[in-house]
Amino acid sequence: MKFRGGYNILLQGRPERTIKVMPEPAVLYLPLRSHRFLFSELCVEDGQRVSDGDVLAKDSNNYAVPLLAPRAGTVRLKAVENHIVLEDVAHLEEHADMDEEEMSHIVQEMGAAGIKRYKLLALGAWQFFYDAYTGALPDPLGKPQAIIVSTLSLEPFVARGDAQLHRRLLNFTRGLEQLQSLLEYQPIYLVMPDINSDFAAQVREQIRGYAWAKLIEIPLKYPYYNFNILAMSLGLKKDNGTIWAVRTEGILAIDRALTLTKPCLVRIVSVGGPGVKSPVHIKVMPGYPIQEIVDMYVSEPAVRMLNGGMLTGEPVGEDALGLEAECRGVTVLAEPACREFLGFARPGSDRSSYSGCFLSSLRGKFRERLTTAMRGELRPCISCNFCEEVCPAGIMPYLIHKYLYRDLIEEVGQARVDLCVQCGLCSFVCPSKINLGKQFVEAQDLIEEELQHESVEEESE
Ligand code: SF4
Ligand code: SF4
């Protein structure tokens, strides 16, 4: 496989592989919105007592993917805007909240394979699946052309695959076998890092007997683990049908749902970045109070928290009280209270940069203590070409930026903005700090809208 561009950001605060179990909470704040889902169809009433695994709400625009109660508790619907709050939380025996009538209907229509897919959806495992090209939730009853299973997460910092696999290798291989049983003949590509370690050797040994799994080893460089990049590098064309993509946590969730018939109620989430005193992975459930995580792990008085990694994470809003259902990591950066006086002029032996312009380029590699402070950036494009060098999609970000600046949308399309995988590297390395990634997401949406508009017009003619 050939990869282009890529760059590893050395950031302080890498979480250790060990996983800590968080104390049981008294209250859970479950956001009704997550990265991909909007759980707008409520299935419970205010004041209702629910058990672990009960369906609280569904996203009717995403195959009715459920928001499950991670613990037993009393439902409060109006206590906090855009959240379902669970009070008097208790950990009882979890149960599978499945609709018997719907199941017998599926058995008649689709047989045993249909029931497995229904279980994945109802027990919260399907939400770990992605369409490799679009990132959307694929149709659980659909037929993919191939499946990509990735054991890697290379963005600083989201939950690492090796942390999740550690001590769960048996569950992982069982989950892989369950996944294979859903398919007819479609290939499964299992993506691993091309490293020599005892643990990697153990994983390779475990899957050696699986003729149906094709092992793909890739360099540890951001963002080569990105599903879009992997699908392109494997020559899997978008036009030949959906490509399902799933990470380590998804395979473990499949095992839980199909082998044990248990709901997937907890997640492994990383808590890392320079604002964290002892970066870790934590075992935690959606809705867990963010404040409790802050009290336990955050060392700085003023911080900016990202839901996700340094490059693609979104700022955690002040109104978000609990972890959202798809959270994979929390990255914490220090937020300086005031501007750094003449920050741009300081030589900076403690700062690194893609351009190697600081004194730090004379030092060996080191993990940088990034903050949210600007350093004299925010300028027009200086045509340094760094963005093109790192872009894994092989497009010219600065050129697209210039077309966008002049509103030349047709040229933006011709420059293949559609290939952008939104990895955020171009914005990171840009010395002028132009928010290229964000501009390209907006441009992709605009072009998509125009295409839809044109096809509606053509149909009505
Ligand atoms: S243009 Fe897109 S794919 Fe290329 S570096 Fe920027 S965000 Fe990543
Ligand atoms: S990295 Fe920034 S300044 Fe350099 S060419 Fe790209 S857009 Fe222009």
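The model shown is predicted, which means the values in this text are computed figures rather than measured ones. First listed ligand is number 1; within each ligand, the first listed atom is number 1.
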- Item | Counterpart residues, salt bridge (Lys or Arg N to Asp or Glu O under 4.0 Å), relative to Arg36 (two or more places apart) | Glu326

- Task: Using a strict 4.0 Å threshold on nitrogen-to-oxygen distance, state whether Arg174 and Glu177 make a salt bridge.
- Result: no

- Residue pair Val269 / Met22, side-chain heavy-atom distance below 4.5 Å: no

- Pairing of Arg406 and Glu411 as salt bridge, 4.0 angstrom limit: no

- Task: Would you list the pairs meeting ring-ring contact (aromatic ring centres under 6.0 Å, His included) in which at least one residue belongs to residues 380-415, sequence neighbours left out?
- Result: Tyr354-Phe386

- Query: Got more than 12 heavy atoms from elsewhere within 6.0 Å of NZ, Lys143?
  - Reply: no

- Query: Against heavy atoms of Val421, which atoms of ligand 1 measure under 4.0 Å?
  - Reply: 2 (Fe), 3 (S)

- Cys420 near atom 8 (Fe) of ligand 1: N/O/S under 2.8 Å: no

- Note on the structure: Distance filter under 4.0 Å, heavy atoms only, around ligand 2 gives Cys381, Ile382, Ser383, Cys384, Asn385, Cys387, Tyr398, Cys430, Pro431, Ser432, Leu436

- Which atoms of ligand 1 are found less than 4.0 Å from any heavy atom of Phe440? 1 (S)

Counting only pairs under 3.5 Å, give me each side-chain donor-acceptor contact of residues 235-244, with atom names and distances, residues two or more places apart or in other chains.
none

